[in-house]
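Remarks on the structure that follows.
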Amino acid sequence: MSGMGNLPLFELLIPLFSSGVVLGGVIIAAIAAVKYRNHRYSSFLLLSLISFLFIVMEVLVLYLGSIKGSFRIAAELNRIEQYSLLGYMIAIPYFLRHHLMASSSPSVVVLRMNRILFRAGILLCVLGGIVAFGFPDFFVSVTERHPNAAIYARFLGRGATGPLFPFPDYLFFIYALYMTVTLLFEIIKLRGRGYLFPLFFGIIFTIYCGVDDLIFNLSGSYIDPFPDIQFSRFIIGLTIFQIGATFSLTRWFLEHVALAEKRKKDLEKKQKDLTFLAYRDFLTGWLNRKSFYLHLEHLVTGLRLGSGTPVALILIDLDHFKAFNNSFGHVNGDLLLKQTGERFKECLGEGDLLFRVSGDEYGIISEALSSGGDITPLVKKLAGVFSEPFQIQDVPVYMSSSIGITFLTEDGMRVSELVSNAETALREAKKARNTFRYFTEEMQAAAERKRTILHGIRAGIADGQFYLNYQPIINSDGSVVGAEALLRWNHPELGRVSPEEFIPQAEASGYIHLLGDWVLEKAFKDLKLFDESYPGFQMNINLSVKQFHRKEIIPAITSLLDRYEVNPAQIGFEITESALMEDFDETLPLLEALTEMGFELSIDDFGTGYSSLSYLKVLPVHIVKIDKSFIAGIPENETDKALVSSIITLAKNLGFEVLAEGVEREAQARYLETLGCDFCQGYLFGEPMAIDKMLSMISVR
């Protein structure tokens with residue numbers, strides 16, 4: 001190939017080719033760094049830019065110095081070329097940190113060394129810049145020639161080399177050697193990091209070419225097989241390094257993409273699983289409570305917009321499932337729930353959806369009504385699935401269910417209202433068990449009243465809606481010896497609400513503790529008033545099951561005794577027979593504690609519970625109250641007479657006193673007197689009344 005000037009043109013081809021390769025690396029790295037925002041590409045971009053600057057300067061020096069003869073400009077550019085070598089002092093640690101260490105577990109020593117070299121590189125670049133532009137002769141002089149570098153004067157147009165001319169080559173050699181050792185260490189340490197090999201061999205070749213340039217600077221000759229090609233061998237090394245680094249990054253990128261794709265698929269699977277778990281019941285696989293409400297919301301919205309269809313909502317609750325769990329264990333309970341759901345599924349038609357709403361409660365949304373059908377056949381099929389036994393541990397188990405049904409047929413109904421109606425029907429069915437009930441307007445009225453009562457208890461206590469009435473207790477000679485404190489409620493909307501109506505709800509909701517505390521304090525306070533006028537007056541106070549089994553009951557009563565300074569012997573606590581028998585081992589110590597404090601204890605509603613003689617003989621009670629259901633038939637009903645007589649005889653033999661409640665006629669009172677009944681209580685002697693009226697009555701009698 002022909003040449004121009006003093007330099008054959010073909011000798012520019014390799015530097016030009018190298019600049020093209022490196023420029024390609026710059027473009028690829030820039031695109032990747034912007035698109036993927038990955039520090040590996042950013043560090044490779046910095047390394048490529050410095051390599052590109054060095055090669056371009058070399059090409060310009062060759063072209064301007066040897067072909068154009070612009071020796072002064074070539075010398076200036078050669079100085080920039082030498083100075084650009086210092087840029088590797090920053091680029092190599094930065095490249096290593098992000099290209100290599102990010103995918104491994106670098107040691108503290110490596111990280112610390114990288115940090116030191118990076119900071120040292122910045123300092124060297126600053127100092128090198130000051131020297132290169134402030135004292136140019138320290139790198140390349142344009143005023144005199146180097147005696148041993150005639151090749152510079154002839155081909156490169158360079159002047160004499162200053163004392164710092166080879167210094168960047170030394171530094172690069174040290175940094176490149178550090179990179180080589182680090183890469184080798186990582187290759188050995190991290191097996192399977194195959195993408196590092198091209199990068200490793202590229203830097204090895206670059207070091208070799210750099211050493212060749214360094215030897216030329218010192219001796220004036222190259223050691224490679226092509227001494228006649230007069231340009232920096234470092235260009236070839238950088239080209240090979242650039243190609244190796246590009247291969248490494250490309251391979252890493254492919255692995256990264258494959259890993260990212262795997263992670264994406266794993267994430268999609270996890271999201272799918274999470275979606276399944278969010279809308280499906282984990283145990284049975286049927287739609288869950290969340291799906292239940294979302295579907296109902298969709299139906300209600302569709303009906304409101306005129307695009308919905310009427311549906312039936314069915315709630316199914318397994319009867320005595322808690323007892324089954326206690327007997328067979330929760331694992332078998334889960335198995336029963338699965339089998340139950342499978343049987344329900346077989347009963348459903350097209351458009352019917354099965355949900356596990358909670359524990360042992362299933363929900364079904366049926367569109368049978370949309371085609372003018374009747375829901376009753378479906379309900380009977382659902383109830384009929386329990387006609388055959390379930391096989392649990394090879395044991396046939398018979399179960400039953402309670403079913404509540406309501407309908408979504410018109411606009412204006414809320415989801416909460418719809419579910420509440422179905423729950424109301426279900427509660428009615430559970431009263432009888434093994435049956436089904438349709439929601440009715442009467443149920444709705446009862447449910448609304450029940451909700452009003454439940455939500456009004458706390459406010460009723462705060463607003464003073466509750467009060468105590470007192471019903472007198474009469475002894476055998478007809479004198480008033482005490483009274484029973486009876487809780488009453490005058491609701492602002494419902495008027496007077498019976499204790500039989502609000503006490504069970506208070507017990508179920510936990511409000512009984514608030515009510516019980518209020519009753520105790522009010523009764524103790526009123527006893528103080530009674531005792532001031534009638535010393536020794538007896539006050540009977542009812543304790544509910546929930547209240548009695550609360551651990552704080554004894555400290556609360558002790559506190560009231562200290563506050564109101566009343567005699568505990570004047571207070572009797574009435575506890576129902578069923579409450580006494582509930583968890584007898586826990587009940588007995590509480591009873592004994594109350595009697596030790598000096599209180600009297602009465603068994604209320606005696607004869608209606610299930611107490612046995614073995615329990616009665618150890619109970620520390622003083623009075624037995626005969627339930628009014630036995631008193632109502634005497635003296636005409638022979639059965640009632642026999643029962644009352646037997647109860648009184650039994651109580652007397654056990655050392656108890658007897659109080660008959662519900663006495664409304666003189667004949668009843670006289671008959672009880674003949675049997676030796678100690679006390680009577682009932683409308684014959686006085687209905688429950690306010691404390692001032694009670695005080696007036698006592699004064700008259």
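Side chains are part of it too, since the values below use all heavy atoms of this structure and drop only hydrogens, waters and symmetry mates. Along the sequence shown, the residues carry numbers beginning at 1. Being a predicted model, the structure only gives us computed values, none of them experimental.
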Exercise. Carefully, step by step, assess Leu287 and Leu354 under the rule side-chain contact (heavy atoms from CB on, under 4.5 Å).
Key: CA-CA 7 Å; Leu287 295 168; Leu354 173 66; over 6 Å; no

Self-check item: Side-chain heavy-atom pair Leu426, Ile403 within 4.5 angstrom cut-off
Solution: no

Quiz item: Is any NZ, NE, NH1 or NH2 atom of the basic residue among Glu521 and Arg563 found under 4.0 Å from an Asp or Glu carboxylate oxygen of the other?
Solution: yes

Quiz item: When you measure from the side chain of Glu297 to the backbone N and O of Val415, does any donor-acceptor pair fall under 3.5 Å?
Solution: no

Practice problem: Could you grab the distance from atom CD1 of Ile457 to atom OG of Ser509, nearest 0.5 Å is fine? | Solution: 5.0 Å

Quiz item: Between Trp489 and His491, how do the two ring planes meet: parallel, tilted or perpendicular, split at 30° and 60°?
Solution: perpendicular

Self-check item: Heavy-atom side-chain contact between Leu561 and Phe599 under 4.5 Å
Solution: yes

Quiz item: Does a donor on one side chain and an acceptor on the other come within less than 3.5 Å for Glu600 and Asn540?
Solution: no

Quiz item: What distance separates Leu336 CG from Leu318 CG, expressed to the nearest 0.5 Å?
Solution: 6.0 Å

Quiz item: Can any side-chain N or O of Asp352 pair as donor or acceptor with the backbone N or O of Gly349 at less than 3.5 Å?
Solution: yes

Quiz item: Taking 4.0 angstrom as the limit, do Lys641 and Glu638 come out as a salt bridge?
Solution: yes

Quiz item: side-chain contact (heavy atoms from CB on, under 4.5 Å) between Leu487 and Leu468: does it pass, once the steps are laid out?
Solution: CA-CA 5 Å; Leu487 181 61; Leu468 290 183; 4.2 Å; yes

Exercise. Examine distances only and state if a side-chain atom of Ser646 and a backbone atom of Ala642 form a donor-acceptor pair shorter than 3.5 Å.
Key: yes

Quiz prompt | Atom pair CG/CG of Leu299 and Leu294 - distance to nearest 0.5 Å | solution = 11.0 Å

Exercise. Heavy atoms only: give me the nearest Lys431-Glu428 pair and the separation to one decimal.
Key: NZ-OE2, 3.0 Å

Quiz item: Can you tell me if Thr595 uses its side chain to pair, donor with acceptor, with the backbone of Glu592 under 3.5 Å?
Solution: yes

Quiz item: Can you check whether Asp317 reaches Asp360 side chain to side chain, under 4.5 Å on heavy atoms?
Solution: yes

Quiz item: What distance separates Asn332 CG from Ile392 CD1, expressed to the nearest 0.5 Å?
Solution: 6.0 Å

Exercise. Please name the pair of heavy atoms, one in Ala690 and one in Asn469, separated by the smallest distance, quoted to 0.1 Å.
Key: N-OD1, 3.4 Å

Self-check item: From Trp286, Tyr362, Phe292, Tyr293, residue fulfilling ring pair (Phe, Tyr, Trp, His ring centres under 6.0 Å) relative to Phe355
Solution: Phe292

Practice problem: Mind listing the closest non-hydrogen atom pair of Met399 and Phe386 along with its distance? | Solution: O-CB, 3.1 Å

Quiz item: Got a salt bridge between Glu661 and Lys625, using NZ or NE/NH1/NH2 to carboxylate O under 4.0 Å?
Solution: yes

Practice problem: Give the minimum heavy-atom separation between Met539 and Ala523, together with the two atoms involved. | Solution: CE-O, 3.6 Å

Quiz prompt | Validation row, ring centre Phe502 to ring centre Phe466 under 6.0 Å | solution = yes

Quiz prompt | Salt bridge present between Glu501 and Arg449 (N-O < 4.0 angstrom) | solution = yes

Quiz item: Mind checking whether Ile626 and Leu643 have side chains closer than 4.5 Å, heavy atoms only?
Solution: no

Quiz item: Okay, side chain of Arg280, backbone of Ser291: is any donor-acceptor separation there less than 3.5 Å?
Solution: no

Practice problem: Given side-chain contact (heavy atoms from CB on, under 4.5 Å), test Phe328 with Val397 step by step and report yes or no. | Solution: CA-CA 10 Å; Phe328 288 86; Val397 176; 3.8 Å; yes

Exercise. Calculate, to the nearest 0.5 Å, the distance between atoms CG and OG1 belonging to Leu619 and Thr587 respectively.
Key: 9.0 Å

Self-check item: CZ/Arg451: more than 12 non-hydrogen atoms of other groups inside 6.0 Å
Solution: yes

Quiz prompt | Check: Leu672 and Val658 side chains under 4.5 Å, non-hydrogen atoms | solution = no

Practice problem: Check step by step if side-chain contact (heavy atoms from CB on, under 4.5 Å) holds for Phe573 and Ile557. | Solution: CA-CA 11 Å; Phe573 290 114; Ile557 292 174; 3.7 Å; yes

Quiz prompt | Over 12 foreign heavy atoms within 6.0 Å of NZ, Lys430 | solution = yes

Quiz item: What pair of heavy atoms forms the shortest contact from Leu283 to Lys338, and how long is it?
Solution: O-CE, 3.3 Å

Exercise. Indicate whether any N or O donor in one side chain lies under 3.5 Å from an N or O acceptor in the other, for Thr340 and Arg343.
Key: no

Quiz item: Are the side chains of Glu423 and Leu315 in touch, meaning some heavy atoms are under 4.5 Å apart?
Solution: yes

Quiz item: Can you say whether the rings of Phe436 and Tyr438 are parallel (under 30°), tilted (30 to 60°) or perpendicular (over 60°)?
Solution: perpendicular

Quiz item: Is the closest side-chain heavy-atom distance between Glu417 and Asn421 below 4.5 Å?
Solution: yes

Quiz item: Just by modelled atom types, is the Leu659 backbone N or O under 3.5 Å from a matching donor or acceptor in the Asp678 side chain?
Solution: no

Quiz prompt | Any Val663 side-chain heavy atom under 4.5 Å of Phe679 side chain | solution = no

Exercise. Answer yes or no: is there a donor N or O on one side and an acceptor on the other, between the side chain of Asp604 and the main chain of Glu574, under 3.5 Å?
Key: no

Quiz item: Is the side chain of Glu361 donor-acceptor paired with the backbone N or O of Ser358 at a distance under 3.5 Å, no angle test?
Solution: no

Quiz item: Between Gly633 and Asp640, which heavy-atom pair has the shortest distance, and what is it?
Solution: CA-OD2, 3.2 Å

Quiz prompt | Flag if over 12 foreign heavy atoms under 6.0 Å of NZ, Lys345 | solution = yes

Quiz item: Can any side-chain N or O of Asn288 pair as donor or acceptor with the backbone N or O of Lys290 at less than 3.5 Å?
Solution: yes

